[in-house]
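Numbering of ligands and ligand atoms starts at 1, following listing order. Note that the structure is predicted; figures quoted are calculated from it, not measured. We use all heavy atoms of the structure for the numbers below, so side chains are in, but hydrogens, waters and symmetry mates are not.
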Amino acid sequence: MHLHWFRSDLRIHDNTALDAAASQGPVVALYFITPAQWQQHDDAACKLDLWRRQLIELSAELALLNIPLLIRHCDWWQDIPVLMLDICQQYQIEHVHCNAEYAVNERLRDTAVQQCLQQQQIGFSSYLDQLLFEPGSITTKTNSYFKVFGPFKRACQQRLYDQLPVLLPAPKPQAALAICSDPVPEHIDGFQPVDPHIVQCWPAGETQGWQRLDAFVEDAITDYATQRDFPALSGSSQLSPYLTAGIISIRQCLHAALKAANGELFGPSDGINTWITQLLWREFYQHIVVGFPQVSRHQPFKPETRKLAWRQVSDDLQRWQQGQTGFPIIDAAMRQLQQTGWMHNRLRMIVAMFLSKNLLIDWRLGEQWFMQHLIDGDLAANNGGWQWSASTGTDSVPYFRIFNPVTQSQKIDPDGQFIRQWLPELAHLDNKSIHAPHLSRTVQAGTLDYPPPMVDLATSRERAIAAFAALKA
Ligand code: FAD
């Protein structure tokens, strides 16, 4: 008997390890619920709830294939090797299959499980599935990991021209086994119940992921390059929660984009090419996590920024977290995050830069807040995005690039539609005033139920530049 160990690959179609397990003999599936470990990783309640709801869907899909889904509970990943061995002995498992995960704790967990099983002659295989390319296989001429995105992307493009990854079907139904599936819990211990609005925004199920992908590819992908930066439009795919949970695969996304491009890789459509480039950003940050494992341990990618004099100001941090900074685009974005579990990419960059530069607050506090609230929270992408924004990461542009939240707001939300949606207290303002109400001559002082700006943009910008410049002194 073979065992497929589900982690962040919660689907039956195009699942490399599940396909390998099912092609070698009868298969049973397993998932571990590990609340203490998830809390330590700052996983958001809404993310775990989506994953839990997906387990319900998955269990039903697996039942049609006669694959039972075992669910085991333990607090920490360090408990998994012994539990796994027990399960293997109980069900006479000869081989465990799983799809590789790349952050430090995930790799330590898998090595410990493999070693424990090996002692009892039980096989363990982990497969490339989450990514298009094995980390360590896309390297510079001197065989090291790329540190900047541009050349990494070009190397990936070349590899895609050489060979496209194929899609795998779901396993065929197997003969019924005398093993019952375990019930999926109704709640994950230690995590707050999730707002029904968030549940509604992000329905579980592979079909839901495909529908979203199809709709994006049919309606929006060709305009992606021109529309993706406008948060009031549905210009991006909103597939990140589904990709993070593995409800859809990266190959399914790539093939859908290729279909829209009539099979032509990096053809004439800017929209399709730009979207595939974003998929490669996801790939890039996962490779960074393997090549530079310090980033999984709360360390900056650029070691010289370790000594940066971050301000310790919990009140300021709280105002940012709660969307009370007095900068409408930032506050609207932070409320979008709290109320939907998701934030638009451009806004993630703007609020991250505001926290780490204008407020000069340690990017790790922002990274943690994001993880605690994002339904798509992913260590590699989140850490990569935060370090890029804070100029401690892989960005090749110097630290003095600091977005101005007011001019950004005027550019990406020109008629204030996005701000009006999330800050109803400003909804009555005209299109000009809404970006900086306290500077507007048309807004009477004291009439707004909205705070004044918490910092002066020019002086806080100078302060950030001085703090970075001091690192060189
Ligand atoms: P689309 O624009 O449709 O892109 C398609 C897919 O490509 C996304 O679903 C995602 O998987 C991937 N992708 C797109 N942009 C990026 C990027 N810059 N980096 C890595 N992958 C990307 N993404 C996460 O999935 N999880 C996170 O925890 C996360 N945290 C972030 C934190 C910060 C500070 C920043 C600046 C970015 C972060 N991102 C994160 C990347 C990006 O913001 C989201 O992937 C994107 O907003 C998801 O929306 P979408 O699915 O509509 O993306």
Side-chain angles (χ1 to χ4, degrees), residues 8 41-44 46-47 50 103 130-132 149 152-153 156 201-202 209 212-213 215-217 219-221 223-231 233-254 256-257 260 271-289 295 320 330 333-334 336-337 340-357 363-395 403 408:
S8 50
H41 287 178
D42 290 314
D43 285 318
C46 61
K47 174 173 122 174
L50 170 63
Q130 255 192 26
L131 298 176
L132 297 168
F149 178 68
F152 173 86
K153 174 188 146 184
C156 290
C201 290
W202 309 104
R212 226 166 248 247
L213 178 58
F216 172 71
V217 164
D219 303 336
I221 197 168
D223 295 326
Y224 179 75
T226 49
Q227 305 220 325
R228 70 188 181 123
D229 279 339
F230 297 92
L233 307 177
S234 305
S236 76
S237 68
Q238 302 207 351
L239 279 167
S240 48
Y242 297 86
L243 269 165
T244 303
I247 298 170
I248 55 167
S249 77
I250 186 68
R251 294 170 299 278
Q252 289 170 332
C253 291
L254 180 67
I272 299 172
N273 297 344
T274 309
W275 197 63
I276 296 176
T277 298
Q278 290 313 114
L279 299 180
L280 294 178
W281 270 104
R282 173 184 175 277
E283 185 90 11
F284 176 61
Y285 285 136
Q286 292 276 359
H287 285 230
I288 289 286
V289 156
V295 302
W320 175 84
I330 294 199
M334 296 306 286
Q336 179 184 38
L337 173 62
T340 68
W342 186 86
M343 191 193 289
H344 184 276
N345 179 56
R346 187 80 189 173
L347 299 176
R348 293 188 204 208
M349 292 195 270
I350 295 172
V351 303
M353 238 183 236
F354 181 77
L355 185 82
S356 57
K357 301 277 178 64
W363 56 273
R364 283 164 278 225
L365 296 169
E367 180 195 22
Q368 181 183 42
W369 181 258
F370 265 35
M371 269 316 271
Q372 288 170 345
H373 292 84
L374 278 174
I375 195 156
D376 63 14
D378 168 78
L379 186 141
N382 194 38
N383 183 279
W386 271 96
Q387 295 223 42
W388 183 94
S389 307
S391 300
T392 63
T394 56
D395 188 10
F403 287 166
Q408 283 289 317

_Under a 4.0 angstrom heavy-atom cut-off, which atoms of ligand 1 come close to Y224?_
1 (P), 2 (O), 4 (O)
*State the atoms of ligand 1, each with its element, that fall below the 4.0 Å cut-off from a heavy-atom position in G377.*
28 (O)
*Would you please name every residue forming a side-chain contact (heavy atoms from CB on, under 4.5 Å) with L233, sequence neighbours left out?*
Q227, F230
*Which word best sums up how the rings of F216 and Y224 line up, parallel for under 30°, tilted for 30 to 60°, or perpendicular for over 60°?*
perpendicular
*Once the angle between the rings of F149 and W281 is folded into 0 to 90°, is it parallel (under 30°), tilted (30 to 60°) or perpendicular (over 60°)?*
parallel
*Does W342 approach ligand 1 within less than 4.0 angstrom via side chain, backbone, both or neither, non-hydrogen atoms only?*
side chain
*Identify, with sequence neighbours excluded, every residue that meets side-chain hydrogen bond (donor to acceptor under 3.5 Å, both in side chains) alongside S240.*
W342, D376
Taking the non-hydrogen atoms of [X], is any one of them nearer than 4.0 angstrom to ligand 1?
{"X": "R228", "result": "no"}
{"X": "W275", "result": "yes"}
{"X": "W388", "result": "no"}
{"X": "Y242", "result": "no"}
{"X": "G384", "result": "no"}

*For atom 39 (N) of ligand 1, which of M343, R348, E283 has the closest heavy atom?*
R348
*asked:* Just to be sure I'm reading this right: ignoring hydrogens, which of L379, D378, T244 gets closest to atom 28 (O) of ligand 1? Compare them by their nearest heavy atoms.
replied: D378
_I'd like to know if the side chain of S389 pairs up with that of K357 as donor and acceptor (distance under 3.5 Å, no hydrogens or angles considered)._
no
